[in-house]
2 protein chains.
Amino acid sequence: MTHSTAARKIKDQANLFAALGDPTRLSLVAKLIDNQLHSISELSNNKEMTRQAVTKHLTVLENVGLVTKIKEGRESLYMIDTAPLKSLQDYLDIIASQWDKSLLQLKLFIEE
Amino acid sequence: MTHSTAARKIKDQANLFAALGDPTRLSLVAKLIDNQLHSISELSNNKEMTRQAVTKHLTVLENVGLVTKIKEGRESLYMIDTAPLKSLQDYLDIIASQWDKSLLQLKLFIEE
DNA sequence: AACATACGCAACCTAAAAGTTGCTTATTGT
DNA sequence: ACAATAAGCAACTTTTAGGTTGCGTATGTT
């Protein structure tokens, strides 16, 4: 329940970035972006690593809310959730706007 | 010069995410966003870690192009570069739009 | 000249991430 | 019933990230 201090927030944000900070997980997101359900063994195909390794990566993505697991029969199906991605977009927008504001203030300072 | 295969691209992108995937580096970016030059020792203040640790984090940020180092006298001054951030924004936009497109196709499929 | 400040370099430690191997369980197909 | 497929669990190894300590060097200050 992530009790909301500023340090907590920045840590959550960092965890989200970190979840995407791995080539394997990034390619998993790319595969899942078609909005379909994908099983673990399907996602493990064409990867030069074991199924268990892929499972771990999927768990990392799940822990930050980027994917959801649905058990169906003997399969574990994963689907993407874009809400965290939108959160990241907002974060980057804030940084960018903050930067623009600083630039403006710098300009005003120089011209005064 | 990062010879541009698809694997290379996804790795670069992952490195960029990974660079932001640490609370310390995220707070460094927050400090640098004021568009001013900041020395290492200044950036090390109020942090419960050594100057050398901060230096390492700055190097990570520098390696992905998020900051630039300028040597001035005995000081090493860092400034932010937002180009990589914009690249990340573009990346997230692409993912989001891809997701929307998939949703549309799914809707069309269901309705046909 | 003497001292303090700012930093670089390199070796080292430790904890966590990434990945493997081996085994077990549950589900599906024949 | 039997074989094959899909996945979970746990122990283990290896690599890397994050951080410290110690020392040297350059620049600034008095």
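Below, read A as the first sequence line, B as the second, and so on, with proteins coming before strands; counting in each chain starts at 1.
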Exercise for review: Grab the CD-P distance between B:Q52 and C:dA10 for me, whole Å please.
Suggested key: 14 Å

Review point. Are B:Y91 and A:L92 close enough that some pair of their side-chain heavy atoms sits under 4.5 Å apart?
Key: no

Check your understanding: Minimum heavy-atom separation for B:K31 to B:N45, with atom names?
Key -> NZ-O, 3.6 Å

**Study point:** Of A:Y78 and B:E75, the one whose closest DNA chain D nucleotide lies more 5'
**Key:** A:Y78

Exercise for review: Name the nucleic acid region contacted by A:S76, choosing base, sugar-phosphate or nothing; use a 4.0 angstrom heavy-atom cut-off, strictly under.
Suggested key: sugar-phosphate

Point to revise | Axis deviation across the helix from C:dA1-D:dT30 to C:dT30-D:dA1, five-pair ends, to the nearest 10° | key: 30°

Revision key, fill the gap. Note: A:L26 and B:A14 closest approach over all heavy atoms is CD2-N, 3.6 Å

Practice item. Indicate yes or no: at least one non-hydrogen side-chain atom of A:I40 is less than 4.5 angstrom from one of A:E75. Key: no

Study note, to complete from the structure: A:L77 atom CG is separated from C:dT28 atom P, nearest whole Å, by 11 Å

Revision key, fill the gap. Rounded to whole Å, CD1 of B:I70 lies from C1' of C:dG8 at a distance of 18 Å

Point to revise | Contact nearer the 5' end of DNA chain C, comparing A:G73 with A:E48 | key: A:E48

Check your understanding: Of all heavy-atom pairs between A:S44 and A:R51, which one has the smallest distance, and what is that distance?
Key -> OG-CA, 3.6 Å

Study note, to complete from the structure: Considering only heavy side-chain atoms of A:K56, the closest of C:dG19, C:dC9, C:dT20 is C:dG19

Practice item. Taking all non-hydrogen atoms of both residues into account, name the closest pair between B:L32 and B:Y78 and its distance. Key: CD2-O, 3.5 Å

Check your understanding: Within the structure shown, what part of the strands sits under 4.0 Å from A:K69 by heavy-atom distance: base, sugar-phosphate, or nothing?
Key -> sugar-phosphate

Practice item. Could you please name the option among C:dA18, C:dC7, C:dT28 that lies closest to any side-chain atom of A:R74? Key: C:dT28

Check your understanding: Do B:T82 and A:I95 have side chains that get closer than 4.5 Å, going by heavy atoms?
Key -> no

Revision key, fill the gap. The answer to which of A:E72 and A:V60 contacts DNA chain C further toward the 5' end, by nearest nucleotide, is A:V60

Review point. Between A:T50 and C:dT20, does any side-chain N or O lie under 4.0 Å from OP1 or OP2?
Key: yes

Review point. What integer distance in Å separates A:R51:CZ from C:dA26:C1'?
Key: 13 Å

Point to revise | Nearest atoms (heavy-atom pairs only) where A:A7 meets A:I10 | key: O-CG2, 3.2 Å

Point to revise | B:L61 and B:I80: CA distance, side-chain angles, deciding distance, side-chain contact (heavy atoms from CB on, under 4.5 Å) verdict | key: CA-CA 9 Å; B:L61 293 175; B:I80 202 167; over 6 Å; no

Revision key, fill the gap. Heavy-atom nearest pair, B:H57 first then B:D22, reads CE1-OD1, 3.6 Å

Point to revise | Carboxylate-amine/guanidinium proximity below 4.0 Å for A:K86 and A:D90 | key: no

Check your understanding: Hey, where on DNA chain D does chain B first and last touch, going 5' to 3'? Cut-off is any atom under 4.0 Å from a heavy atom.
Key -> D:dG18 to D:dG28

Practice item. With a 4.0 Å heavy-atom cut-off, tell me which residues in residues 18-31 of chain A come close to DNA chain D, sorted by residue number. Key: none

Exercise for review: Write down the distance between NZ (A:K71) and P (C:dT27), rounded to a whole number of angstrom.
Suggested key: 8 Å

Study note, to complete from the structure: Paired with B:L77, the side-chain contact (heavy atoms from CB on, under 4.5 Å) test is passed by just one of B:E72, B:H38, B:K69, namely B:E72

